**Student:** 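Just passing along the structure, written as C-alpha cells.
One-based numbering, in listed order, for ligands and for the atoms of each. Remember, it's a predicted structure, so these values are computed and weren't measured experimentally.
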Amino acid sequence: MEKPRDAGAPGTASDREPDEVDGAGVAVGIEQLRNLWTLVDTLEACFYVKDVDGRYRFVNQSLAAAFGVPAEQIVGRTDDAFIDTARSVVLDTDRTAMRGEKVDIDEQVYLRNGECRSFRTVKLPLFDSDRRVLGLCGISTDITAQRRAVEQLVERNALLDTILANVDAAIYLKDAQGRYLYANQPVLDLYGRKLEDLIGRTDRDLMPADLAARVTEYDNAVLAGGGEEVREETIVGADGCKHHFRSRKIPLRLPGQPTCLIGFSTEITELRRLRIRLEHERITDSLTGLANRTMFESTLEEQLLMATLGGTWLAVVIIDLDQFRFINNNYGQGIGDQVIQLVSQRLQQCDVALGNLARLSGDEFAFTLPGTVSVEQVAQQVEQIRAHLGQPYGVLHQPLHLSFSAGISLSLGGRCNAAELLGRAEAAMYSAKDSGRDQYRFYSPELGGAVARRVELERDLRAAMGSDEFALHYQPKMRRDGSVAGFEALIRWNRPGVGLVGPDNFIPLAEQLGLLLQLGRWVIEQACRQIADWRNAGLGTIPVSVNLSTSQLTSAALPDFVFDLMRAHGIGHGCLEMELTESMMMADPDLAIAILHRLRGGGVSLSIDDFGTGFSSMAYLRQLPVHYLKLDRSFVKNIAHDEKDADLCAGIMALAHKLDMHVVAEGVETRAQHQTLAECDCDLFQGFLFSRPMQARAATEFLRQPH
Ligand code: C2E
Ligand code: MG
Ligand code: MG
C-alpha cells in the first residue's frame, strides 16, 4: 500500500505562512488563509492536524493550553508524549480517520500530567487530490465541565431517588385531576404496582370508591385552598387491608406548569392501633373486661343528664366483697383474681338488669339500676343481687362463701354530679361495712360527714403506724377469791389533737387497711415485755392476754413470731394468752385451727372472746384447742334480774367445764352480777367492778395492793 503523502511541514496555525499549506491541496487565497489561521487560533476548541504517522503538524493555542506545553513543542511529536494512550482512545479514533472515515465521538483523554479530560471530538481524514489520506484534521471541544455537571446531576438524582425510595413516608405527585405523576417506592408497595403502571391512574382506579372519594375531596380542598393541610386518611392497599396515614399535602405551583399536588403520607396504622388499645385500656378493667371507674364516671355523667332532662331519678350502687383481703392473703392473688372474675360474671348474668356495670377497684363494683321508681324497689333489687352473688363459688376444693356490702345513692332531680353520687354510694357502702358487713345502706346526709371523718382517721392512722402514739392498758381478771388471775391488754391510741381513742374506733379500719398485722405484732411484743417487767419487779408470773384479729389468724407466720418473743423474754407456758372471736375464724377455719393448735402447743393459752355473740356452737367449740370462754357482757348485763339469762349462763358454764374450759365473765359492773355469776360457777371475773383498763404503772400498783 502506498504511503499517504505528508500532511505538510510542522507548525502552529499562527506562525506558519498560509501559502505553505498548499500541500494540503486546498485552494484558497493567501489572505483568506491568514484569516482562517487567525480564526483557528482563537477557537476555544482544540484544532489540530496530524500526519499519517500521528505526528502533530498544526495545533492551535487551545490544544497547547490543554497539553500545558507551548505549541511548537507539540508539533512534530505524537500523542504518546502528552497522553496516556494506553488508557485513551485517541489512537483508535486516529486510525479510523486515517482509514478515511469521519469520527465523531465523546472521548476521555488521560493526560500525562495526570488529568483526565473529556472532549467532544470530530476527526476528518485529509485527502490529496487522488483521494489518498494525508493525515487528519481534528477539532476537540473540552466538555469536561459539562460532563462533570451532568455527572453531578445524575449523582444528585440518584441520591434523591435513593432517599425517596427509602424514606418511610409515601411521597407522590398528582395533577389537578388526581392522576399520579410520580410515586415513590412505599406508594408502589402499598398499591402493589410498578411506577409505569401507576402513573396516569387516579385513586378511583386503586381503592374502593368511598375511600377514594374521601381522598379526592381532601386533595381538592388542598388544591383549592392553596394552603398546607395535615389530615388522617384511610387507604386500602393491595393486601386488601386498611392502612391509616397521616398526610400532609401541598399544592405545587411551578412556573409555566399546571398546579399539581405533592403529598407526604406517613403510615400510622400501628400507632392508631396502639392509640385505640390505650384508649380501651384507659376505660376498661383488664381483669374483668368491665368498664373501669373513669368510664363509669363519664357514662354516669351522661345518664345523670338524661335523668335530669327526663325528670327521672337514678340509683347508683356500689357493691364490695367482705373480707376479700383474706382471700388474697390466704389463697394467693391468683384465686383472688378468679373470685373477682366470677363475681363480675355473676353480676352480668344477674336477673336484675344492671346499667353501666363497672369494676371500680380491687373488690369494688358499681352499677346503676335503670328504671327503678321507688326506694323499696331499689332495696329489693339490691337484695336480690346480693343474694345472687352470695351463692357459693367453686374456685377451691370446697365451696367458697362470700358476703357483700352495698351502698346506694340516689340522684333526685340531678342536684349532684357523677363523682359526688359515686362518693355517696361509697360512703353508704363503708357505713354498711362498719355496721358489721353483709348488708346494704342508703346514703344519708349524715354519712357525708362520716366520710370526711373516715378519710381523716385513715390518714392519721397510717401516720401513727410505727410511732409511739399507741399504748396498752391493762384490765385485771379476778379469781373467785379476789386475787388477780391476770390482765387483758387493751390497745389505746393517743391520737394527736383528739386524745385517747378506744380500739373500737380504729381497729376495724386498721384491719380494712391491712395495718393490723403490724399493729398486732406490736401489741404481742408489748405484752411480753410487760410480763417480763412484772416478773423482774418481783411481782411473780402475771398472765397477760392480748386480743387477736382476723388477719393474725390467717397469718401462718404468727406462731413462730410469738415463740421467738416468748423465748426472748423468758416467758413460760400459760403466761401469754390470746383472745379471739368465733367470727375471726370464719375467713379460713382450717388455717385458723391449725394456727391455734400450734400456739397452744407452744404454751400460749387461748380464749374465745365475746362468747355468745357469734355462732356459739358448742359442738364447734369442741374442736378448738381453747382454755377459756369469755362470756360476753350482753349476757352478764341482766344476769342478776333475768332468770333465763342466769340459767343460760349456768348452762354454758357447765358445758364449758365439761369441755375442760374455764369461763371468764366480761363486763362485770355490779356486786349482784358478780354474785350471780359466782353462783353459776363462773371461774374468773372482769369488769369495771374491779377496775377499768389502766396504764401499765397503775396496773403495777393494782398488783401490789391486797384484794
Ligand atoms: P374485748 O376484748 O371484749 O375487751 C373488753 C372490752 O370491754 C374493753 O373495751 C373493755 O374496756 C370493755 N369493758 C371491760 N369491762 C367492762 C365493763 O364492766 N363494762 C363495760 N361496759 N365495758 C367493759 P375496749 O378496751 O374499748 O376494747 C374493745 C374491743 O377492742 C375489745 O373487746 C377487743 O375486741 C378490741 N381490742 C382491744 N385491744 C385490742 C388489740 O390490741 N387488738 C385487737 N385486735 N383488738 C383489740
Ligand atoms: Mg378481749
Ligand atoms: Mg370481749
Side-chain angles (χ1 to χ4, degrees), residues 434 436 461 464-465 469-478 486-495 499-530 543-555 558 562 576-585 587 592 605-614 616 626-640 663-674 677 682 684-696 698-699 702:
D434 291 344
L461 192 56
M465 295 306 294
E469 290 173 20
F470 296 104
L472 288 187
H473 283 199
Y474 297 89
Q475 189 179 32
K477 295 176 206 172
M478 312 301 286
F487 287 90
E488 176 174 8
L490 295 157
I491 195 168
R492 302 288 179 263
W493 174 24
N494 195 359
R495 188 178 171 195
L500 218 55
V501 179
D504 288 338
N505 296 310
F506 66 89
I507 289 289
L509 180 61
E511 180 84 296
Q512 267 177 38
L513 299 179
L515 304 173
L516 209 47
L517 211 56
Q518 185 190 346
L519 200 57
R521 286 177 174 225
W522 177 85
V523 169
I524 298 169
E525 191 170 1
Q526 278 307 108
C528 289
R529 216 176 278 261
Q530 192 56 63
V544 172
S545 65
V546 293
N547 292 280
L548 289 184
S549 61
T550 314
S551 45
Q552 284 170 305
L553 268 182
T554 54
S555 158
L558 178 74
V562 174
L576 180 67
E577 297 179 8
M578 293 191 169
E579 302 188 6
L580 52 125
T581 63
E582 294 152 282
S583 61
M584 281 178 196
M585 317 221 358
S605 299
L606 301 170
S607 308
I608 293 290
D609 205 352
D610 303 342
F611 185 77
T613 56
S616 303
V626 291
H627 304 82
Y628 297 98
L629 278 193
K630 294 191 77 178
L631 195 60
D632 190 67
R633 66 168 183 269
S634 56
F635 282 89
V636 174
K637 202 172 171 194
N638 299 322
I639 201 168
V663 178
V664 184
E666 290 188 294
V668 185
E669 292 180 348
T670 65
R671 286 191 188 287
Q673 288 168 340
H674 183 213
L677 285 163
C682 185
L684 299 174
F685 309 88
Q686 185 182 347
F688 294 169
L689 176 64
F690 313 100
S691 168
R692 286 183 176 260
M694 53 199 154
Q695 289 186 12
F702 188 86

**Student:** Tell me, do N505 and W493 make a side-chain contact under 4.5 Å, heavy atoms counted?
**Tutor:** no
**Student:** Which option, L490, L472, L519, owns the non-hydrogen atom nearest atom 8 (C) of ligand 1?
**Tutor:** L490
**Student:** I'd like to check which ligand 1 atoms, numbered from 1 as shown, lie under 4.0 Å from a non-hydrogen atom of V668.
**Tutor:**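 Listed by number with element, the hits are 18 (O).
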**Student:** Taking S691 as the fixed residue, which of F487, F702, Y474 is the one that meets the side-chain contact (heavy atoms from CB on, under 4.5 Å) rule?
**Tutor:** F702
**Student:** Between the main-chain N or O of K637 and the side-chain N or O of Q673, is there a donor-acceptor pair closer than 3.5 Å?
**Tutor:**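 Here the side-chain-to-backbone pair exists.
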**Student:** Rounded to 10°, how big is the angle at the Mg ion (ligand 3) from D610 OD1 to E666 OE2?
**Tutor:** 140°
**Student:** Tell me whether G502 reaches ligand 1 (any heavy atom closer than 4.0 angstrom to a ligand atom).
**Tutor:** no
**Student:** Among all protein non-hydrogen atoms, which one is nearest to atom 28 (C) of ligand 1, and what is the separation to 0.1 Å?
**Tutor:**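 Of every protein heavy atom, D504 OD1, 3.4 Å lies nearest to atom 28 (C) of ligand 1.
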**Student:** Scan side-chain atoms only and decide if S555 and Q552 contain a donor-acceptor pair under the 3.5 Å cut-off.
**Tutor:**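 Judged by distance alone, the side chains do not pair up.
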**Student:** I'd like to know if E577 and K477 make a salt bridge, using a cut-off of under 4.0 Å between side-chain N and carboxylate O.
**Tutor:** yes
**Student:** Quick one: which of Q475, Q686, E579, K630 gives a side chain to side chain donor-acceptor pair (under 3.5 Å) with S545?
**Tutor:** E579
**Student:** Please name the atom of D609, limited to N, O or S, that comes nearest to the Mg ion (ligand 2).
**Tutor:** OD2
**Student:** Looking at ligand 1, would Q552 count as a contact under a 4.0 Å heavy-atom criterion?
**Tutor:** no
**Student:** How close does the nearest protein non-hydrogen atom get to atom 20 (C) of ligand 1, and which residue and atom is it?
**Tutor:** E669 OE2, 3.3 Å
**Student:** Among I507, L580, T581, N547, which residue places a heavy atom closest to atom 33 (C) of ligand 1?
**Tutor:** N547
**Student:** Give the atom numbers and elements of ligand 1 that come within less than 4.0 Å of a heavy atom of V523.
**Tutor:**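 That gives atoms 41 (O) of ligand 1.
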**Student:** Drop me the distance from I608's CD1 to M584's CE, to the nearest 0.5 angstrom.
**Tutor:** 9.5 Å
**Student:** Distance to 0.1 Å, residue and atom name: give those for the protein heavy atom nearest to atom 37 (C) of ligand 1.
**Tutor:**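 Atom 37 (C) of ligand 1 sits closest to the protein heavy atom P503 CG, 3.4 Å.
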**Student:** Please determine whether E579 has a backbone or side-chain N, O or S atom lying under 2.8 Å from the Mg ion (ligand 2).
**Tutor:** yes
**Student:** With backbone taken as N, CA, C and O and side chain as the heavy atoms from C-beta onward, which portion of Q475 lies under 4.0 Å from ligand 1: side chain, backbone, both, or neither?
**Tutor:** side chain
**Student:** Should we count CD of Q695 as having more than 12 external heavy atoms under 6.0 Å?
**Tutor:** no
**Student:** Does a side-chain N-to-carboxylate-O contact under 4.0 Å join E525 and R521?
**Tutor:** no
**Student:** Does ligand 1 have an atom that lies less than 4.0 angstrom from a heavy atom of L548?
**Tutor:** yes
**Student:** With the side chain counted from C-beta on, respond yes when W522 and Q518 share a heavy-atom pair under 4.5 Å apart, and no when they do not.
**Tutor:**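 In short, these two side chains do not touch, never coming nearer than 4.5 Å.
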**Student:** Tell me whether ligand 1 is touched by R492 - counting only heavy atoms on the residue side and a distance under 4.0 Å.
**Tutor:** yes
**Student:** Over 60° means perpendicular and under 30° means parallel, so tell me whether F685 and F690 are parallel, tilted or perpendicular.
**Tutor:**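 Tilted: the ring planes of F685 and F690 meet at 30° to 60°.
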**Student:** Is there a side-chain contact between L519 and I491, using heavy atoms and a 4.5 Å cut-off?
**Tutor:**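 A side-chain contact under 4.5 Å exists here.
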**Student:** Specify the protein heavy atom at minimum distance from atom 13 (N) of ligand 1: its residue, its atom name, and the distance to 0.1 Å.
**Tutor:**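 Closest protein heavy atom to atom 13 (N) of ligand 1: F688 CE2, 3.8 Å.
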**Student:** At a non-hydrogen distance cut-off of under 4.0 Å, which region of R692 contacts ligand 1 (side chain, backbone, both, or neither)?
**Tutor:** neither
**Student:** Got the closest protein heavy atom to atom 32 (O) of ligand 1, with its distance?
**Tutor:** D609 OD2, 4.6 Å
**Student:** Should S605 and M578 count as side-chain neighbours, where that means a heavy-atom distance under 4.5 Å?
**Tutor:** no
**Student:** Using the Mg ion (ligand 2) as the apex, give the angle to atoms OD1 (N547) and OE2 (E488), rounded to 10 degrees.
**Tutor:** 90°
**Student:** Would you say P693 contacts ligand 1, with heavy atoms under 4.0 Å as the rule?
**Tutor:**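 Contact present.
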**Student:** Tell me the protein heavy atom at minimum distance from atom 6 (C) of ligand 1, and give that distance in Å.
**Tutor:** R633 NH1, 4.0 Å
**Student:** May I ask you to identify the nearest protein heavy atom to atom 5 (C) of ligand 1, giving residue, atom name and distance to one decimal place in Å?
**Tutor:**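 Answer, as residue, atom name and distance: E666 OE2, 4.0 Å.
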**Student:** Provide, to 0.1 Å, the distance between atom 39 (C) of ligand 1 and the closest protein heavy atom, together with that atom's residue and name.
**Tutor:**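 Its nearest protein heavy-atom neighbour is I491 CG2, 3.6 Å.
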